[in-house]
Amino acid sequence: GGAIKAGVAAVEAENYGFVDADLAYGPELLPVMLDKLQHSDFVLAQRQRGSSANFYQRWRNFLSSSLQAVANYLVGLPTIETQRGCKFFTAKVAREVILPTMENHFAFDVEAIARALQLKFRLSLVPVDFQHGSGSTVTWRDGLRYLFDVVAIADRLHHQAGRRFW
């Protein structure tokens, strides 16, 4: 999240976007994302549900989906994937959502999407084919840190809305 905010702060543009560096998304996705951005404020890639090739991928998908469901519930998001590393947004979203977002780690996306929805920005989802690479550096510790960060985000969002989280 911190790197995304630094990039947005350093460049003035009409639209912004980022894609994970692990090449999980091909360049053919760029025109699709930019086309959707013509009618939206924030565009998110969403993994198409398919069959995973092996036990490891199925197990990883199960854990990821479970953690995502808990995060969405705590923050009050609809059933969407916040952690896909392919997002595009307008300059207005950059100013009003991305830059003021407090989170700087994996849960950055959760806070940014929640803020965008609170501010009534138009969100679009783009289905994408996605393959987990075998060389992921994300560990269970990252998942635990993500969960703690999501709880902090939920607490902040509830506090800002004048509601109690705990």
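Numbers for residues simply follow the sequence, beginning at 1.
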>> Quick one, Asn104 and Lys5 - any side-chain contact, counting heavy atoms below 4.5 Å?
In response: yes
Here the gap from Glu111 atom CD to His105 atom NE2, rounded to the nearest 0.5 Å, amounts to 12.5 Å
Nearest heavy-atom contact between Gly85 and Tyr25 is N-OH, 3.5 Å
Scanning both residues in full, the closest heavy-atom pair of Leu29 with Cys86 reads CD2-SG, 3.5 Å
Residue set satisfying side chain to side chain contact (heavy atoms under 4.5 Å, CB included) with Ala107, at least two apart, ordered chain then number -> Glu103, Tyr146, Asp149, Val150, Ile153
Query - Donor-acceptor contact present, side-chain His159 to main-chain Asp155, <3.5 Å - result: no
**Study point:** Donor-acceptor contact below 3.5 Å, side chain Asn72 vs main chain Leu77
**Key:** no
### Task
Say whether Arg122 and His39, considering side chains only, have a donor N or O and an acceptor N or O under 3.5 Å apart.
no
Problem - Any side-chain heavy-atom pair of Arg115 and Glu96 under 4.5 Å - result: no
Query raised in the report: Do any N or O atoms from the side chain of Glu81 and from the backbone of Arg47 form a donor-acceptor pair under 3.5 angstrom?
Result: yes
Here the gap from Thr90 atom OG1 to Gln38 atom CD, rounded to the nearest 0.5 Å, amounts to 11.0 Å
Can you check whether Val43's main-chain N or O pairs, donor with acceptor, with Ser40's side chain at less than 3.5 Å?
-> no
Heavy-atom closest pair (Ala45 atom, Met33 atom, distance to 0.1 Å) is N-CE, 3.9 Å
Verify, without hydrogens or angle tests, whether Gln46 (side chain) and Val128 (backbone) share a donor-acceptor contact under 3.5 angstrom.
no
Shortest non-hydrogen pair, Ile98 vs Ala112, comes out as CD1-CB, 4.0 Å
d(Ile4 CD1, Thr101 OG1) to nearest 0.5 Å is 10.0 Å
_Quick check on the hydrophobic clustering: are Leu119 and Leu125 connected, directly or via other members, by side-chain heavy-atom contacts under 4.5 Å?_
yes
Closest heavy-atom pair, Ala114 versus Val75, reported as atoms and distance to 0.1 Å, is CB-CG1, 3.5 Å
Item checked: Contact check, side chains of Leu30 and Leu34, non-hydrogen atoms, under 4.5 Å -> yes
Closest heavy-atom pair, Val8 versus Ala94, reported as atoms and distance to 0.1 Å, is CG1-CB, 3.6 Å
Checklist line | Asp109 (side chain) donor-acceptor with Gln83 (main chain) under 3.5 angstrom | finding: no
#### Entry: Joint hydrophobic cluster, Met102 plus Ile113, side-chain heavy atoms closer than 4.5 Å
no
List, one per line, each side-chain donor-acceptor pair under 3.5 Å for residues 12-19, sequence neighbours excluded.
| from | atom 1 | to | atom 2 | distance (Å) |
| --- | --- | --- | --- | --- |
| Tyr16 | OH | Val11 | O | 2.7 |
| Tyr16 | OH | Ala13 | N | 3.0 |

Short question: side chain of Lys92, backbone of Phe89 - any donor-acceptor pair under 3.5 Å?
-> no
Q) Does the side chain of Leu117 come within less than 4.5 Å of Phe42's, by heavy atoms? A) no
